[in-house]
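Atoms within a ligand are numbered from 1 in the order they appear, just like the ligands themselves. Please read these numbers as outputs of a predicted model, since none were measured by experiment.
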Amino acid sequence: MIEIKNLTKVYPSRGGAVTALDGVDLSVAPGSVYGVVGRSGAGKSTLIRCVNLLERPTSGTVWVAGRELTALSPKQLRAERRRIGMVFQHFNLLSSRTARENVELPLEIGPGGARLTRRERRTRALELLDVVGLADRADAHPAQLSGGQKQRVGIARALAADPHVLLSDEATSALDPETTRSVLKLLKRVNEHLGVTVLLITHEMEVVKAVCDSAALMEDGRIAESGTIGDLLTRE
Ligand code: ADP
Ligand code: ADP
């Protein structure tokens with residue numbers, strides 16, 4: 001579902017260029033939950049931001065759902081990106097909008113979104129809030145929600161455009177252990193019931209053990225080890 005080949009990212013910087021990714025190969029099977037784990041500075045955020053081309057790789061190719069994103073025009077890329085949901089560490093919700101309105105955002109903007117009527121968008125957002133267990137908080141603003149609830153809204157929003165792939169950028173790093181467990185359970189449920197492939201990055205091995213089928217360990221912009229969770233734990 002996600003195929004990354006020889007991905008390199010070099011950031012120009014005053015003190016000399018920084019090589020954040022150094023020839024990364026990664027293959028995420030359809031329907032799986034794949035984790036990339038590593039210390040701060042290992043290159044995880046750069047990698048996940050290169051998957052939907054929020055960041056332009058210096059070289060290498062990225063395929064998602066059978067399309068080579070690195071070869072698309074900006075217009076084609078905008079359309080493909082709608083099928084890639086993203087969940088963020090700090091939720092990135094609009095504070096002036098309610099939970100429901102936040103979930104409606106991906107349906108309002110971008111190509112295709114205009115095809116839904118207001119009523120349809122509203123219905124879809126309420127369905128998604130129900131999926132994440134927040135049907136009764138649809139009219140709450142982010143400030144009135146707990147961290148875990150905010151992340152549930154973030155997940156519902158990421159699912160709004162019916163994505164093939166969900167990218168999770170340290171989605172539980174700002175949450176306490178118990179909330180982390182419940183948000184991870186939700187991600188797993190989304191994966192199993194909706195068939196969405198999940199690629200997550202984390203600095204916590206516990207997160208990988210809890211939900212991933214396969215994982216890669218990143219060090220200094222390279223994949224140091226990868227395999228199924230069973231393999232990796234035996235090698236540990
Ligand atoms: P991680 O997510 O594993 O903490 P990052 O991808 O954020 O790693 O960073 C990898 C390396 O790239 C680090 O050395 C970081 O300082 C550098 N880096 C990340 N973003 C930028 C940027 N916009 N400009 C320059 N260097 C960056
Ligand atoms: P927080 O710790 O942020 O309050 P919770 O994990 O307690 O988040 O969940 C928030 C709401 O979602 C609660 O009302 C809870 O009952 C509900 N909830 C939790 N897990 C699920 C689930 N798997 N399916 C549906 N609803 C859930």
Inset, instruction - Tell me, please: is S40 in heavy-atom contact with ligand 1, that is, under 4.0 Å? - result: yes
Inset, instruction - Considering the heavy atoms of A42, write down every atom of ligand 1 situated less than 4.0 Å from one of them. - result: 1 (P), 3 (O), 8 (O)
Legend entry - Within-shell test, S13 vs ligand 1, heavy atom, strictly < 4.0 Å: no
Inset, instruction - Indicate yes or no for a side-chain donor-acceptor contact from T202 to the backbone of E204 under 3.5 Å, with no hydrogens or angles considered. - result: yes
Legend entry - Side chain proximity check, L26 to Y34, heavy atoms < 4.5 angstrom: yes
Inset, instruction - For R39, take its heavy atoms, then give the atoms of ligand 1 lying under 4.0 Å from any of them. - result: 3 (O)
Legend entry - Rounded distance [0.5 Å steps], CZ in R222 versus CG in D25: 11.0 Å
Legend entry - Carboxylate-amine/guanidinium proximity below 4.0 Å for R122 and E104: no
Inset, instruction - Using a strict 4.0 Å cut-off to heavy atoms of A20, name the atoms of ligand 1 that fall inside it. - result: 10 (C), 11 (C), 12 (O)
Inset, instruction - For K44, take its heavy atoms, then give the atoms of ligand 1 lying under 4.0 Å from any of them. - result: 1 (P), 2 (O), 3 (O), 4 (O), 6 (O), 8 (O)
Inset, instruction - State the atoms of ligand 1, each with its element, that fall below the 4.0 Å cut-off from a heavy-atom position in V18. - result: 12 (O), 14 (O), 17 (C)
Legend entry - Check: T70/R56 side-chain N/O donor and acceptor closer than 3.5 Å: no
Inset, instruction - Give the single entry among D220, L21, T46, V36 that approaches atom 6 (O) of ligand 1 most closely by any heavy atom. - result: T46
Legend entry - Heteroatom distance test (G41, ligand 1): nitrogen or oxygen, under 3.5 angstrom: yes
